[in-house]
Engineer: 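After the structure tokens below, expect a handful of questions from me.
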There are 2 protein chains.
Amino acid sequence: MAGNPTISDVAARAGVSVPTVSRVLTGAAKVSPAKRELVEAAIADLGYRPSAAARALVSRKPQTIAIIAGNTSRYGYAETIRGIEIAARAEGYTVMITVVESADEDEVDRAIEATLTQPLAGVAVLKFDPPGVAALGKIPGNLPVVALSGVREASLPQAVLDEAAAAEELTEHLLGLGHRTVHHVRVPPSRRTDGRTTGWRRALRRAGADVPPAVDATWDPRSGVAIGRALAADPAVTAVFCGNDEIAMGVMRGITEAGLRIPADISVAGFDDNPLAELWSPPLTTVEQDFAGLGRRGFQLLRNAIDGTDARRHSTERPRLVLRESTAAPKPR
Amino acid sequence: MAGNPTISDVAARAGVSVPTVSRVLTGAAKVSPAKRELVEAAIADLGYRPSAAARALVSRKPQTIAIIAGNTSRYGYAETIRGIEIAARAEGYTVMITVVESADEDEVDRAIEATLTQPLAGVAVLKFDPPGVAALGKIPGNLPVVALSGVREASLPQAVLDEAAAAEELTEHLLGLGHRTVHHVRVPPSRRTDGRTTGWRRALRRAGADVPPAVDATWDPRSGVAIGRALAADPAVTAVFCGNDEIAMGVMRGITEAGLRIPADISVAGFDDNPLAELWSPPLTTVEQDFAGLGRRGFQLLRNAIDGTDARRHSTERPRLVLRESTAAPKPR
DNA sequence: ATGAAAGCGCTAACAC
DNA sequence: GTGTTAGCGCTTTCAT
């Protein structure tokens with residue numbers, strides 16, 4: 001026996017037929033205790049492990065789900081993936097990850113093709129960015145899918161973090177402190193607009209405040225530094241809402257380098273509640289997003305889709321404001 | 001045709017035999033241009049996609065590798081996984097991730113079993129922590145494996161970041177600044193000792209400096225705060241080397257809360273060069289670890305093992321010291 | 001309760 | 001070059 005033992009090796013060793021071994025394995029039908037014991041002993045002796053490939057081939061019930069993501073290492077992405085993985089593992093699913101780094105059509109196609117080639121029970125797409133959006137569009141309709149993201153959408157099962165509501169609440173908090181308006185630094189959005197920007201604008205409009213143009217940062221926290229310096233140079237800027245904590249940290253550094261203090265001169269708020277946010281100086285006011293929970297909820301929706309359960313297809317959760325020391329009332333003029 | 005089209009649907013549609021379609025697919029043998037075109041048209045029409053399960057079953061050349069990791073979201077882990085994934089994808093491999101959260105025997109077994117059930121070309125294990133070490137011990141010998149880690153080891157192919165050398169260099173730097181000794185805060189080690197601790201101790205010993213007991217932190221950056229406060233209370237402490245940047249940030253916060261300044265009163269250095277390290281106040285002296293590169297190198301070694309190439313089985317890289325502003329000469333007494 | 005036979009979708013081996 | 005035949009490791013009939 002050169003390679004791994006197969007089911008027929010087990011059958012031979014136990015002195016039973018192959019289907020009987022299969023029955024023991026799957027528990028699908030009754031097997032007499034005596035034979036069951038023989039089979040189990042043979043399995044243990046041989047170190048036998050069933051082949052998922054052969055199983056998926058014949059039973060058409062793959063136990064693998066694919067996660068498609070534009071990134072795996074940034075905080076929100078990594079935590080969401082972790083949440084999916086934990087929920088999936090708990091229910092006996094294996095997880096496969098495909099990274100689609102750009103929305104470039106060729107790259108998306110290649111990645112999707114490679115993934116869909118696998119026997120998949122379903123797919124979870126992190127629709128956080130343009131690659132995610134592009135990937136979602138390519139998944140064939142007959143495969144169960146769930147989208148995870150910050151922006152609500154109609155057609156597919158989707159788990160959402162209501163970023164717009166949270167951003168609105170945060171902006172209102174800033175306005176309530178007495179700021180005449182709030183400036184906004186965006187992280188790269190998944191589409192023309194994103195929930196954080198939408199909520200921010202909504203709060204400003206409702207309060208009748210000026211809506212200054214949003215400033216675009218990249219995902220690199222360092223991109224916030226120059227933006228912070230520029231913001232510091234504008235005396236109209238008293239409060240800044242950043243698209244994520246990392247950018248906020250860059251912006252704060254830029255503001256500090258320009259000689260202003262936070263929050264005395266300018267209030268800065270972030271988004272995500274990165275584990276380092278509370279350790280920052282000053283500790284960062286932000287919005288706690290339960291990414292791992294998003295992942296878990298997403299997996300549940302995917303399971304519903306896989307099982308054909310006609311259960312809920314949507315799940316929304318409202319992120320929670322975390323007030324710390326980087327925001328305060330504007331200084332009197 | 002209820003489900004997905006199969007290779008025989010394609011063959012029927014193109015008016016050729018099944019193996020001919022297979023030959024077009026794999027490029028393994030010559031097919032006349034005419035038939036090739038027919039086949040390609042049929043594939044496109046049907047939206048046919050070969051089944052990786054069936055392929056792996058018969059060809060015994062799976063194109064999937066598994067990554068086994070104790071965590072997916074912490075910086076070093078996430079970056080390493082990203083590096084493996086990118087390298088693997090570039091060579092046509094799909095990546096599957098298994099998380100083993102604890103070294104608990106049952107959990108490790110379950111996770112490994114579930115993974116090995118898949119048709120796998122090979123496995124990459126992140127041997128950063130006890131779960132990784134435990135998992136590594138469970139991989140059957142006939143499966144290509146690579147270990148990625150900070151500590152050199154003999155028997156398996158392994159890609160390494162020479163943390164001991166880097167930690168030694170960093171400690172020497174601190175000693176060279178005039179500190180009588182350097183205190184050390186450890187992150188949870190993968191075994192009794194880890195490279196960072198080893199390098200630190202080696203430098204101290206060689207310099208004839210005191211070797212204070214190492215203090216243990218958890219992975220949570222907040223665990224550093226209390227440690228920082230305690231360290232600040234000890235007047236003998238003038239320099240602290242932390243096992244990673246996040247802990248260093250917690251420690252710095254604790255020291256600052258205790259009323260001391262960095263680096264004037266106490267120098268603090270980290271490890272990893274987290275993207276936020278240079279934005280911290282003061283910017284953190286640390287060691288840049290190329291985790292993504294570690295992942296890439298690891299994948300190459302794994303490929304060697306898979307292909308049976310008798311190429312190198314080890315790859316070491318020396319992390320690079322990054323001097324910033326959190327370390328300085330001790331203040332004169 | 002159990003075995004024999006069939007077949008999942010594909011590639012390998014062998015004719016021609 | 002191309003078709004025919006076999007068979008990967010397993011589950012699913014269908015007998016018994």
Side-chain angles (χ1 to χ4, degrees), chain A residues 1-40 42-43 46-64 113-114 116-121 142, chain B residues 1-40 42-43 46-64 113-114 116-121 142:
Chain A
M1 196 183 53
N4 287 325
T6 72
I7 194 171
S8 64
D9 296 327
V10 175
R13 171 135 191 166
V16 302
S17 72
V18 166
T20 296
V21 178
S22 175
R23 287 173 190 122
V24 171
L25 254 25
T26 61
K30 276 122 260 284
V31 173
S32 72
K35 303 220 162 184
R36 150 165 277 119
E37 224 159 273
L38 283 172
V39 169
E40 277 164 356
I43 288 175
L46 261 26
Y48 166 75
R49 214 179 333 261
S51 148
R55 272 193 167 164
L57 190 59
V58 58
S59 77
R60 279 115 179 299
K61 280 184 206 59
Q63 290 291 314
T64 301
E113 284 308 302
L116 295 188
T117 252
Q118 305 294 134
L120 253 25
N142 57 352
Chain B
M1 195 182 56
N4 288 323
T6 72
I7 194 171
S8 63
D9 296 326
V10 175
R13 172 139 191 159
V16 302
S17 73
V18 166
T20 296
V21 177
S22 174
R23 294 194 257 263
V24 171
L25 255 24
T26 61
K30 276 122 260 286
V31 174
S32 73
K35 304 219 163 186
R36 148 165 277 119
E37 225 159 86
L38 282 171
V39 169
E40 276 164 355
I43 288 176
L46 263 25
Y48 166 75
R49 217 183 325 267
S51 148
R55 274 192 166 165
L57 190 58
V58 59
S59 77
R60 278 114 181 302
K61 280 184 204 59
Q63 291 292 312
T64 301
E113 283 308 302
L116 295 189
T117 255
Q118 306 293 133
L120 254 26
N142 56 352

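All chains are named by letter (A, B, ...) in the order of the sequence lines, taking the proteins before the strands, and each is independently numbered beginning at 1.
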Engineer: Tell me the interatomic distance from B/Arg36, atom CZ, to D/dT2, atom C1', rounded to whole angstroms.
Structural biologist: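 Between C1' of D/dT2 and CZ of B/Arg36: 13 Å.
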
Engineer: Any side-chain N or O of B/Thr26 under 4.0 Å from OP1/OP2 of C/dT11?
Structural biologist: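 Negative; the distance criterion is not met.
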
Engineer: Whole angstrom is fine here: how far is it from CG in B/Leu46 over to C1' in C/dG9?
Structural biologist: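 Spelled out: CG on B/Leu46 to C1' on C/dG9 is 14 Å.
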
Engineer: With the side chain of B/Arg55 defined as its heavy atoms from C-beta on, choose the nearest nucleotide among C/dT11, D/dC10, C/dG3.
Structural biologist: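 Side chain of B/Arg55 sits closest to C/dT11.
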
Engineer: So, do B/Leu57 and A/Leu57 sit near enough that their side-chain heavy atoms are less than 4.5 Å apart?
Structural biologist: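 SC-SC contact between B/Leu57 and A/Leu57 confirmed.
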
Engineer: Given C/dT2, C/dT11, D/dT2, identify the nucleotide with an atom nearest to the side chain of A/Arg23.
Structural biologist: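 Among the listed nucleotides, the one closest to the side chain of A/Arg23 is C/dT2.
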
Engineer: Identify whether any heavy atom of A/Val21 sits under 4.0 Å from a base atom; if not, whether one sits that close to sugar-phosphate; answer base, sugar-phosphate or nothing.
Structural biologist: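 Answer is nothing: A/Val21 stays at 4.0 Å or more from every strand.
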
Engineer: Kindly point out which of D/dT12, C/dT11, D/dT2 is positioned nearest to the side chain of A/Ser22?
Structural biologist: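 Looking only at side-chain atoms, A/Ser22 lies closest to D/dT12.
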
Engineer: Under 4.0 angstrom, heavy atoms only, what part of the nucleic acid is A/Ser51 near: base, sugar-phosphate, or nothing?
Structural biologist: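 Here A/Ser51 touches the backbone only, sparing every base.
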
Engineer: Once you round it to whole Å, what is the distance between C1' of D/dG3 and CD1 of B/Ile7?
Structural biologist: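 Rounded to whole Å, this separation is 13 Å.
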
Engineer: Under a 4.5 Å cut-off applied to non-hydrogen side-chain atoms, are A/Arg49 and A/Asn4 in contact?
Structural biologist: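 They are not in side-chain contact.
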
Engineer: Provide, to the nearest angstrom, the distance between the NZ atom belonging to B/Lys35 and the P atom belonging to D/dG3.
Structural biologist: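 Those two atoms, NZ and P, are 4 Å apart.
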
Engineer: From C/dG9, D/dG1, C/dA12, pick the nucleotide closest to the side chain of B/Ala54?
Structural biologist: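 Closest of the options to the side chain of B/Ala54: C/dG9.
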
Engineer: With rounding to the nearest 0.5 angstrom, report the CZ to OG distance, B/Arg23 to B/Ser32.
Structural biologist: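 Reported value, rounded in 0.5 Å steps: 11.0 Å.
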
Engineer: Could you tell me the separation between the CD atom of A/Gln118 and the P atom of C/dC8, rounded to a whole number of Å?
Structural biologist: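 The distance from CD of A/Gln118 to P of C/dC8 comes to 21 Å, rounded to the nearest Å.
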
Engineer: Tell me the interatomic distance from A/Ile43, atom CD1, to D/dG9, atom P, rounded to whole angstroms.
Structural biologist: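 Going from A/Ile43 (CD1) to D/dG9 (P), I get 16 Å.
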
Engineer: If you only use heavy atoms from C-beta on, which nucleotide in D/dT12, D/dT2, C/dC8 is closest to the side chain of A/Leu57?
Structural biologist: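 Nearest nucleotide to the side chain: C/dC8.
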
Engineer: What distance separates B/Lys61 NZ from B/Thr26 OG1, expressed to the nearest 0.5 Å?
Structural biologist: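 One gets 10.5 Å once the value is rounded to the nearest 0.5 Å.
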
Engineer: Please give, in whole Å, the distance from D/dG7 C1' to B/Arg60 CZ?
Structural biologist: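 After rounding, the gap between these two atoms is 10 Å.
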
Engineer: B/Val58 side chain: which of C/dT11, D/dT11, C/dT2 is closest?
Structural biologist: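 Nearest listed nucleotide: C/dT11.
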
Engineer: What integer distance in Å separates A/Lys61:NZ from D/dC10:C1'?
Structural biologist: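 Between C1' of D/dC10 and NZ of A/Lys61: 13 Å.
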
Engineer: Let me know, please, whether B/Ser59 or B/Ala29 comes out on the 5' side of the other along DNA chain D by nearest nucleotide.
Structural biologist: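 Its nucleotide being nearer the 5' end, the pick is B/Ala29.
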
Engineer: What distance do A/Thr117 atom OG1 and B/Gln63 atom CD have between them, rounded to the nearest 0.5 Å?
Structural biologist: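 Rounded to the nearest 0.5 Å, the OG1-CD separation comes out at 10.5 Å.
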
